Amino acid sequence: QEEALIFESGRYETTGVDFDEPENFSPRLGGLAREGDIGLPGLSEPETMRHFVRLSQKNYGIDTGLFPLGSCTMKHNARLNERMARLPGFADVHPLQPVSSVQGALELMDELSRYLVTLTGMTSVALSPKAGAHGELCGMMAIKAAIDAKGEGETRRTVLVPESAHGTNPATAALIGFKVRTVPADTDGTVRVQAVKDLIGPDTAAIMLTNPNTCGLFEPEIVEIARALHDAGAYFYCDGANFNAIVGKARPGDLGVDAMHINLHKTFSTPHGGGGPGSGPVVLSQRLAPFAPVPFVTPGAEGLILVEHEKDADEKPFGRITAFHGQMGMYVRALAYMLSHGSDGMKQASEDAVLNANYIRAGLRDLMSQPFGDKPCMHEALFDDSWLKDTGVSTLDFAKAMIDEGYHPMTVYFPLVAHGAMLVEPTESESKSSLDLFIASMRDLAQAAKRGESERFAQAPFHAPRRRLDETRAARQPILKWTPPEPMREAAE
Amino acid sequence: QEEALIFESGRYETTGVDFDEPENFSPRLGGLAREGDIGLPGLSEPETMRHFVRLSQKNYGIDTGLFPLGSCTMKHNARLNERMARLPGFADVHPLQPVSSVQGALELMDELSRYLVTLTGMTSVALSPKAGAHGELCGMMAIKAAIDAKGEGETRRTVLVPESAHGTNPATAALIGFKVRTVPADTDGTVRVQAVKDLIGPDTAAIMLTNPNTCGLFEPEIVEIARALHDAGAYFYCDGANFNAIVGKARPGDLGVDAMHINLHKTFSTPHGGGGPGSGPVVLSQRLAPFAPVPFVTPGAEGLILVEHEKDADEKPFGRITAFHGQMGMYVRALAYMLSHGSDGMKQASEDAVLNANYIRAGLRDLMSQPFGDKPCMHEALFDDSWLKDTGVSTLDFAKAMIDEGYHPMTVYFPLVAHGAMLVEPTESESKSSLDLFIASMRDLAQAAKRGESERFAQAPFHAPRRRLDETRAARQPILKWTPPEPMREAAE
Amino acid sequence: MRYLPLSPDDRSEMLAKIGVDAIDDLFADVPADKLLTEPLDLPRRKGEMEVERILGRMAGRNVTASSVPFFVGAGAYKHHVPATVDHVIQRSEFLTSYTPYQPEIAQGTLQYLFEFQTQVAALTGMDVANASMYDGSTAAGEAVLMAHRVTRRGKAVLSGGLHPHYADVIETLSHMSGDRVVSLPADPRADEDIIAAIDDETSCVVVQTPDVFGNLRDLTKIAEKAHAHGALLIAAFTEVMSLGLIKPPGAMGADIVVGEGQSIGNSLNFGGPYVGLFAARQKFVRQMPGRLCGETVDAEGKRGFVLTLSTREQHIRRDKATSNICTNSGLCCLAFTIHMTLLGQTGLQRLARVNHANAVALADALAGVPGVEVITGAFFNEFTLKLPKDAAAVVEALADKGVLGGVPYSRLAPDADCDDLLLVASTEVNTDDDRAAFVAALKEVLG
Amino acid sequence: MRYLPLSPDDRSEMLAKIGVDAIDDLFADVPADKLLTEPLDLPRRKGEMEVERILGRMAGRNVTASSVPFFVGAGAYKHHVPATVDHVIQRSEFLTSYTPYQPEIAQGTLQYLFEFQTQVAALTGMDVANASMYDGSTAAGEAVLMAHRVTRRGKAVLSGGLHPHYADVIETLSHMSGDRVVSLPADPRADEDIIAAIDDETSCVVVQTPDVFGNLRDLTKIAEKAHAHGALLIAAFTEVMSLGLIKPPGAMGADIVVGEGQSIGNSLNFGGPYVGLFAARQKFVRQMPGRLCGETVDAEGKRGFVLTLSTREQHIRRDKATSNICTNSGLCCLAFTIHMTLLGQTGLQRLARVNHANAVALADALAGVPGVEVITGAFFNEFTLKLPKDAAAVVEALADKGVLGGVPYSRLAPDADCDDLLLVASTEVNTDDDRAAFVAALKEVLG
């Protein structure tokens, strides 16, 4: 059965919420009352429930199967964390209540900050960024503010970005007026300090480097790269999307990082929720800490204080990047994760994530090709498509065929430095038996591809709520909302 | 992918719950410590979550589609009610706390009782029965106690039960020593007062009559039947499984009922939960009220009192039928349902339930056969299999084919008075468009059956987590738990 | 009304399709003078917000177990249930499904029932378990009826350590069905001679361990005597978590084991819903009450599960059924199964040790209160205090001081002449602070 | 550790299969002196019960909106969210899924995003809406950047009625990107001459309605002037529920509409996560930031949905993207869509009237407090009081009396010289008792 859109099944006069009509009052709308239909049909509660439950059945989630989406870190989302975020003391509190009435909320933010600073070896943290890319923006703004404060704003206008970087990196740099220069990757998938030095000049503001990088490799020359930047008066922005590989194993602060965002929804397992909400706190080195934006929590005479305006700060906040104080709901979940794991559990989680990725790599390396040779990876294993040469099967076909085996595909065609990339991140949440089953399924598929069973791939998926969707058509003539059918016009044509 | 049993995927040393081992204590187990493995493997939390989520995906529920199971009343389960039942003030309260610390809980029970008594027009209610059949037991025990109190315990030993009755009725009567005599149904599917009178004698203790009956019909001579019983010194037990058809439309107390259980999980929409828990309060007439079992709530000098022992009661409780006070969690949900609907909403719900059933009946009556003629039904529409004659398709086949259309089958082969019965109860929760779609699907199937497309039926379902299951095999050599495979023994054979 | 999808227009259209003029034409069989014309004397519909306020106010009048030092047990126990459990049991496909009579689209329910049965059998040390009863007390009642069927005798002997509610349920049922019950007197120190009460008319003897006073009982000799006389031993428990630490009834000769499963996966809920566990020896399987889930194969040979041996049940056998039970505790079984899966035996044993350690610490602390005697020797997480005052009055006085300090035995059995006995339970939720608060409050109350 | 399935034996086996001796062999690229050998200075793992206690204690230190008479708004509003919403968004298939990059197994997410976009377009009266931004303020910042792209100009004019946080976000972003911002002064009585500030260098003018002081603004003339000068009108709102009752920006000439969607479906959450709404005229669609979901067909011709126009986005266009946004507010969109589906326009309009009626009643009641002036003429559910004392001090004093009485404007903009202004909101959750308590407390504080 197909699931109709609510605009097809609902009716304007239906509502699934009961309120009594207010009586005896004079509206005070100053002639700006809305008239006519809004265009929003309603459904009764039973219809609403069934509609959305049935929609959900067309989705795949971590809870329904292994979700090896490289760089995205689809790890277990503990329901304890959901429960904690829903405590009325966190969920039913307004951001502009008197601070005396939200001391527990500020305490939580303070404690989360302590954890993040300790785990990263940095000086301070700006909590308010709403997601990873927002955290990048925040970090790069802090760098820009620091450069401006040194009077170098006119000269230091270039940001170095490796070619393997997430798209958000160059987009962020460009958003606030930096020019982007691309750093080539070495043949082993990492960035050489020499390649960086070749590009450093007096115009260099910063590098944006992901570590572990998007090929799933720890940058072996990261300390030297950081030193080269610092020696040139520039800053080291680290994209922390892959921090989950090294929590408890190494601290970005020890590596020379000046700013790094942390995707709470990756490393600390706040749910991805089909695309958000995320949360992207940025940890800052001593050099950048003074420029952290408002608001932030600080100790005061009678409890914790929330500094909401630049003039109230001792330091030099570069401004404000969002209303209110950030993603409180995600802070709670992330802190629940950290408290639950503890320092021992977080370290173990990193190790298990790396172990699981290498186990998959080891299980597939004889069939599938690794672009940078057979060597250990961090938390994700990267394959390219050279092993598919002459099979007629593309990376996309292979990914779609995985759906028929009951798996969500891995990340494909990213990073760009590997041809036809397939980036597999199992996370620490998978058991050995789950990995064994996955490896066996992948091997079966890979052998089928090599045997030339191309029809199993070209048309895949066969067993999904939808067959392959026509994305070109969607983009050529975008239909971005439902519009009522026009039978009269159609009949006339 | 098949979902392994936890005994196949789990391990004895794994646990998904973290507690620290207690230190420095001397066990005081008196030599009765358990030794060796218990035989209970554990799973980590991510594995547990995925296991049960994947199991759930093999189920069908009200939230996923129309569930027309006659006599079972699969109506919408509002999540408000779930939320209310989980309020710590209800869920986190012990039944044996001092009554001074649970006045709100007693108030809720008292308020629920008031609603039930008002809706049924009866005198009092015994809340504690844990489910419908338990309520039957409670009601029949009250009748037995009343008979004993009159000194007629030795003579009044027979209970009349119509042939269309639920199996629980005769089972209940027999459980406490009554002999069961079957009352034949009339050709129109109802019970004639004369048929009852023909069986009434000095040995008659009671009748157990369902109204509306299991054919979905309101017993037209119910008042006369009640009078006949009463005139003979016997009692009228009404099976209230179908009370949902007449809430707010008619009161059992006005019809002469002496005792009736109410399935809170049917009429008042506490979730069926895959087979429970239910709740079966019994409303009692003035004649039976004194015999209600302990415990019950009653007003006292300083708030509400819980009478837990016969000696503390003013009346003559027949005893106790369960530990503690019954299904509090279900009371909360049921009262939330009643408060939400109000007297107007409950009446409307009954009317809509009846309307929906008749709409289905009207939509199918030209294709499918009604055993008692084309006349209005109450909340469920009964068909028999005479229209399938010579098609090679059985009621069971038809039901299984419905699964392939995306529907849960209706109740089949019950009531026994209709040959190859199909009992369809849509409930008031279905929209007209949902019913239209259902009718269209049923018509399509019915026409296919008549066209002789028997293979579509004989092997159905095709599109379900399992094909038809071998029930005979299950019963012949019952395998009621998992046992470890014995590869050695098998190898030896 | 938010729950009712039909609009007034829908209703008119549908009545026309049916061929009647008005809704009451469909209620024509209701005697005209019995058809209600006025709304009943109850309030009209309310929105969610209003309902939340009304019920929230009632809920707020109760003292919750989590909000105070809490030591109440006697058949229901405050344990910590992982968040995963409540999440899963609320999934639509479990919550809003029916008894799995259509197994092809109910394998989710059926597989967990099969897992549940296996877990219960392992825990109790028995051959087979059913798919649950309403609760421990009704399971005990059904066990006695089953013993009558098996032995074709009608006399049950109940230990004086059996929870009085359980004994009441058995006695009520037996009284109604015309069977006999011999109840031994309350037995706080577990020194009753139950063996002497067993004779050739005895169908069964019902013994609880840990008993209602907390005493651990060795059932071995009772089983021997019972079997020698052709009677069955029914072992009962109210705290299933004890089975993580103490010898299971199956290893001590029990023929039927019944008990309350609430402690695993289920909240206190002011007494219900709970989940009754019921296990037995293989040879009695066809005399068992309740649903049984069994393994089989489908038409393609794949493993699957179905409800089975239903010829025992009321919907087939009617007045010859082994029980009248129909609905059981499905969703509570699921909660049990999930929690037990999370625990595994490693977690269960550890949690049981935490419970036991906390109870031992509490017993030692309370034994230091002047005038208080701990009269239970071997116990799991519950024991009995002998007080110098009326226990019910002490409990009320403790409650006034913000401590819920246990259950006076007299509340369960007012006629037992045990007014000075207090049943005290301690689980993993109790902290050192809780214990200290209890000791301090008790000293004050007794001082 | 409950979250980690690997056992020590597993780990050994797996290392062997990989071909290394120890886990740290896999961390060989980490400089040896940087590899941590000691655990970090943080506590070790804790069980669920302990975590609940720690976080429960923190939560208990906050005063919840539901527990007191509550009138705080200024950009976030306390509304009643039906239980259905929170149930559905916790379903595993929604909660634990990723951005729908594999549309064949993400139609659930994609269809609700399409429904969400349609709802937002209808509410705002615009042609198209995207699949959400982080919140209203960041949506406003993105709207200004978009206006710069569309007009190829760099000067934004901000109304003095714009929420100061929104203005701060725009100003910070503009400062960093080298664009110009002209901010008009705070404008409590909505009598600013914004039209005069528009010139030929203006890329956009940003006007909020209801504005931060609660005033309803007619945007028609501003739109005319902006368009005459080749500039865009960006209309902002912080209370989406107002759109049930007041004329939508799309009907008043807005080119881009941005706002906060929290009020529909989402809790207060101390400020986040919320859901930013972003709508625009059709002709600007390829300049929009954020994800867009579009309709298409699959290989069998069945209707389906995909993310589309992704060539605008950072993962394709990199430094030429329309925005750097990646993650948005997926699950908050779902909450919004469910709540809006339950409401429908009938429910939304009624709920909006309840809000307005409560606010009118409150305004009338507070106007009767000596020394208090209601300075907002036309408003929805929020208005401004002029007090005879410092508003921040009054709010603190009210809080001491158990009333959370609104937001002092000075908290949002300390330099605006508006220390006597108090922003007061009232929604459907407020009762007569709440109002009476507020009036009484305010009288005392001012008296």
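What's counted below: heavy atoms across the whole structure, side chains too, no hydrogens, waters or symmetry copies. Source: prediction; values computed, not measured. Just so we're on the same page: letters track the sequence lines, and every chain starts at 1.
At a 4.5 Å heavy-atom cutoff, the contact between B/Leu175 and chain C is made by backbone and side-chain atoms alike. Neither the backbone nor the side chain of C/Glu50 has a heavy atom closer than 4.5 Å to any heavy atom of chain B. For B/Ser434, no part lies under 4.5 angstrom from a heavy atom of chain C. For C/Met14, the parts lying under 4.5 angstrom from a heavy atom of chain B are both the backbone and the side chain. Residue contact with chain C, scored on non-hydrogen atoms closer than 4.5 Å, involves the backbone and the side chain of B/Glu428 alike. For chain B, no part of C/Thr311 is nearby; none of its heavy atoms comes within less than 4.5 Å. Using a 4.5 Å cut-off between heavy atoms, B/Leu119 touches chain C through backbone and side chain atoms alike. Interface remark: C/Arg317 contributes no atoms to any contact with chain B (heavy atom separation under 4.5 Å). Looking at B/Phe67, only its side chain comes within 4.5 Å of chain C, counting heavy atoms on both sides. When heavy atoms are compared at a cutoff of 4.5 Å, B/Leu87 approaches chain C solely by way of its side chain, counted from C-beta outward. Both the backbone and the side chain of B/His94 come within less than 4.5 Å of a heavy atom of chain C. Heavy-atom distances place no part of C/Ala28 under 4.5 Å from chain B, backbone and side chain included. For B/Asn77, the part lying under 4.5 angstrom from a heavy atom of chain C is the side chain only. Contacts of B/Met378 with chain C are made by side-chain atoms alone, with heavy-atom separations under 4.5 Å and no backbone atom involved. When heavy atoms are compared at a cutoff of 4.5 Å, C/Ala74 approaches chain B by way of both its backbone and its side chain. Heavy-atom distances place both the backbone and the side chain of B/Leu5 under 4.5 Å from chain C. Only the side chain of B/His265 comes within contact range of chain C, with heavy atoms under 4.5 Å apart. For a residue to count as touching a neighbouring chain, one of its non-hydrogen atoms must lie under 4.5 Å from one of that chain's; by this rule C/Val72 touches chain B with backbone and side chain alike. Within the 4.5 angstrom heavy-atom criterion, only side-chain atoms of B/Pro478, from C-beta onward, approach chain C. Residue contact with chain C, scored on non-hydrogen atoms closer than 4.5 Å, involves the backbone and the side chain of B/Val102 alike. The contact between B/Gln103 and chain C is made by backbone and side chain atoms together, counting heavy-atom distances below 4.5 Å.
The backbone N or O of B/Ala174 sits nowhere less than 3.5 Å from a side-chain atom of C/Asp319 that would complete a donor-acceptor pair. A distance-only check finds a donor-acceptor pair linking the side chain of C/Gln117 to the backbone of B/Leu480 [under 3.5 Å]. Side chain of C/Arg411 to main chain of B/Gln97: a donor-acceptor pair is present (N/O by atom type, distance under 3.5 Å, no hydrogens or angles). Between the side chain of C/Ser97 and the main chain of B/Tyr60, no donor-acceptor pair closer than 3.5 Å is present. No donor-acceptor distance shorter than 3.5 angstrom exists from the side chain of C/Lys17 to the backbone of B/Gly363, with no hydrogens or angles considered. Without hydrogens or angle criteria, B/Lys144 side chain to C/Met176 main chain gives a donor-acceptor distance under 3.5 Å. Panel note: side chain C/Asn62, backbone B/Gly104; a donor-acceptor pair is recorded below 3.5 Å. With hydrogens and angles disregarded, no donor-acceptor distance shorter than 3.5 Å links the side chain of C/Asp168 to the backbone of B/Gly319. Side-chain N or O atoms of B/Arg34 include one that pairs as donor or acceptor with a backbone N or O of C/Leu243 at under 3.5 Å. For C/Asn324 (side chain) and B/Ala133 (main-chain N/O), a donor-acceptor pair under 3.5 Å exists by modelled atom type.
Under the 30°/60° scheme for interplanar angles, the aromatic rings of C/Tyr98 and B/His272 are found to be tilted. By the 30° and 60° cut-offs, the orientation of the rings of C/His356 relative to B/Phe25 is perpendicular. Between B/His76 and C/Tyr3, the ring planes lie tilted relative to each other; the angle falls in the 30° to 60° range.
Taking the side chain as every heavy atom from C-beta outward, C/Lys34 and B/Ile246 never approach each other to under 4.5 Å. For the pair C/Pro82/B/Val17, a side-chain contact is recorded, criterion being any heavy-atom separation below 4.5 Å from C-beta on. At least one side-chain heavy atom of C/Gln107 sits less than 4.5 Å from a side-chain heavy atom of B/Leu469. The shortest distance between side-chain heavy atoms of C/Leu35 and B/Lys249 falls below 4.5 Å. Side-chain contact between B/Asn358 and C/Val20 is absent, with no heavy-atom pair separated by less than 4.5 Å. With contacts defined as side-chain heavy-atom distances shorter than 4.5 Å, the pair C/Asp10/B/Leu355 does not qualify.
The residue among C/Asn328, C/Leu309, C/Val88 with the most heavy atom pairs within less than 4.5 Å of chain B is C/Asn328. Contact count against chain B (heavy-atom pairs under 4.5 Å) is highest for C/Glu93 among C/Gln119, C/Arg291, C/His175, C/Glu93. Taking chain B as the reference chain and counting heavy-atom pairs below 4.5 Å, the highest number among C/Val285, C/Val297, C/Asp41 is found for C/Val297. The candidate from C/Thr346, C/Asp415, C/Leu351 with the greatest count of non-hydrogen atom pairs under 4.5 Å with chain B is C/Thr346. Ranking B/Ala336, B/Gly345, B/Gly30 against chain C, the residue ahead of the rest is B/Ala336, based on heavy-atom pairs under 4.5 Å.
Between B/Pro98 and C/Val395, the closest heavy-atom pair is CG-CG1, 3.7 Å. Across C/Ile105 and B/Pro465, no two heavy atoms sit closer than the pair CG2-CD, 4.3 Å. Closest approach of C/Thr327 and B/Ala131 over heavy atoms only: CB-CB, 4.0 Å. Of all the heavy atoms in B/Leu29 and C/Leu216, the pair that sits closest is O-CD1, 3.4 Å.
Each of B/Asp37, B/Thr14, B/Thr15 was evaluated against C/Gln345; a single residue qualifies, B/Asp37, per the side chain to side chain donor-acceptor pair (under 3.5 Å) test.
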Verdict with reasoning, C/Thr296 to B/Asp470, per side chain to side chain donor-acceptor pair (under 3.5 Å): CA-CA 6 Å; C/Thr296 186; B/Asp470 188 343; 4.8 Å; no

Audit row: C/Leu95, B/Asp63, side chain to side chain contact (heavy atoms under 4.5 Å, CB included) steps and yes/no: CA-CA 9 Å; C/Leu95 187 79; B/Asp63 284 354; 5.8 Å; no

Step-by-step side chain to side chain donor-acceptor pair (under 3.5 Å) determination, B/Arg86 to C/Ser267: CA-CA 9 Å; B/Arg86 285 167 172 81; C/Ser267 304; over 6 Å; no

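Between B/Asp92 and C/Lys78, at least one side-chain N (NZ, or NE/NH1/NH2) sits under 4.0 Å from a carboxylate O, which counts as a salt bridge.
C/Gln102 and B/Lys400 share a side-chain donor-acceptor pair at under 3.5 Å.
Atom CD of B/Glu35 has 12 or fewer heavy atoms from other residues, nucleotides or ligands within 6.0 Å.
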